[in-house]
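Written below as C-alpha cells is the structure these notes are about.
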Amino acid sequence: AQSVTQLDSQVPVFEEAPVELRCNYSSSVSVYLFWYVQYPNQGLQLLLKYLSGSTLVKGINGFEAEFNKSQTSFHLRKPSVHISDTAEYFCAVSDRTDDMRFGAGTRLTVKP
Amino acid sequence: EAGVAQSPRYKIIEKRQSVAFWCNPISGHATLYWYQQILGQGPKLLIQFQNNGVVDDSQLPKDRFSAERLKGVDSTLKIQPAKLEDSAVYLCASSLRGGQGEQFFGPGTRLTVL
C-alpha cells in the first residue's frame, strides 16, 4: 500500500518569501499525487494534482509542484507567499484502485 | 454549484453516548467518502461508497461505527457507543467518480467526546 511522508510539520516564513513544502511518497505502482489546503474550520480544497504528463504541475493561488519519480517526491512551491496562504497543507497519494492516503500535514505560517 | 454539506458542525457528547453525522454530497457525484481527522494528523479514510454500495470500509471500526447511503445520495455516519479517542473532525467528501477524480470536501463535523 502507498504512504505519504510530509517532512516538515511546521514551516514559518515571512511574507513575500519563497516557500517549499516537502512531500515524499512510497508506492509499488503508478500513482496520482495531490496537494490540498485546509484553512481553519474548513474542509480541504484541492490546490493541484499530478495524474500524468508534464512533471511540473501548476495549481491555484500561484502554487506549483514537481513530480520526481526517481526521488519519489512531490514538493509544493510558491515563489512569494502572502499572509492569506497561512493554512495547513496536505499531500496525498492515490493508486489506481482509488485508495487515497494523506500525509500528516504541514502548517504554513506566513508572518508579516 | 452547491458544495458538500455536513451537519452538525460541532457536537459535544459524553463517552458511551451515540452520535450521528449527516452528509449531502454535490449533486450527481457517485462516490462519497467519510474521513476521520484527528488533531495533528491527516484525514484517514473510514468508508467509501459508490452510489449506495460500499467500496471500501477496511478502516471502519465496525464494532462501533456504521454508515449508510440510502438511495445513493445523502449519507449518515453513526458512532455507538462513543469513546474518548473518537474525538476528531469527521469529513465528508464526494467525487464524480473514484480514482483520479477530484474529491470535494465538506466543512466537517468537529466531535468532542468527554
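Naming: A, B, ... by sequence-line order, numbering from 1 per chain.
- Among residues 101-112 of chain A, the residues having any heavy atom closer than 4.5 Å to a heavy atom of chain B are, in sequence order, A:R101, A:F102, A:G103, A:A104.
- No side-chain heavy atom of B:Q103 sits less than 4.5 Å from a side-chain heavy atom of A:F34.
- Remark: A:I60 CD1 is packed, more than 12 non-hydrogen atoms of other residues, nucleotides or ligands lying under 6.0 Å away.
- Residue B:L46 is not grouped with residue B:Y35 when hydrophobic side chains (ILVMFWY) are merged at heavy-atom distances under 4.5 angstrom, including chains of intermediate members.
- When the shell of 6.0 Å around NZ of A:K69 is examined, it contains 12 or fewer heavy atoms from other residues, nucleotides or ligands.
- To the nearest 0.5 Å, the span separating OH on B:Y33 from CE on A:M100 amounts to 7.0 Å.
- One hydrophobic cluster holds both B:V19 and B:L60 under the rule that ILVMFWY side chains link at heavy-atom gaps under 4.5 Å.
- More than 12 heavy atoms of other residues, nucleotides or ligands shown are found within 6.0 angstrom of CD on B:Q17.
- Using a 4.5 Å cut-off between heavy atoms, A:Q38 touches chain B through its side chain atoms alone.
- The two residues A:F90 and B:Q41 make their nearest non-hydrogen contact at CE2-O, 3.9 Å.
- A single hydrophobic cluster is seen to contain both A:V31 and A:L48, as judged by linkage of ILVMFWY side chains at heavy-atom distances under 4.5 Å, directly or through other members.
- Interatomic distance, CZ of B:F104 versus CG of A:L44, reported as 13.0 Å (0.5 Å rounding).
- Enclosure of atom CZ in A:R77 by more than 12 non-hydrogen atoms of other residues, nucleotides or ligands within 6.0 angstrom is indicated.
- Residue B:Q6: no heavy atom, backbone or side chain, is found under 4.5 Å from chain A.
- In the hydrophobic clustering of this structure, A:V37 groups with A:V93; members are Ile, Leu, Val, Met, Phe, Trp, Tyr whose side-chain heavy atoms approach within less than 4.5 Å, directly or through other members.
- Placement of B:V113 and B:I12 in two distinct hydrophobic clusters is found when ILVMFWY residues are connected by side-chain heavy-atom separations under 4.5 Å, directly or transitively.
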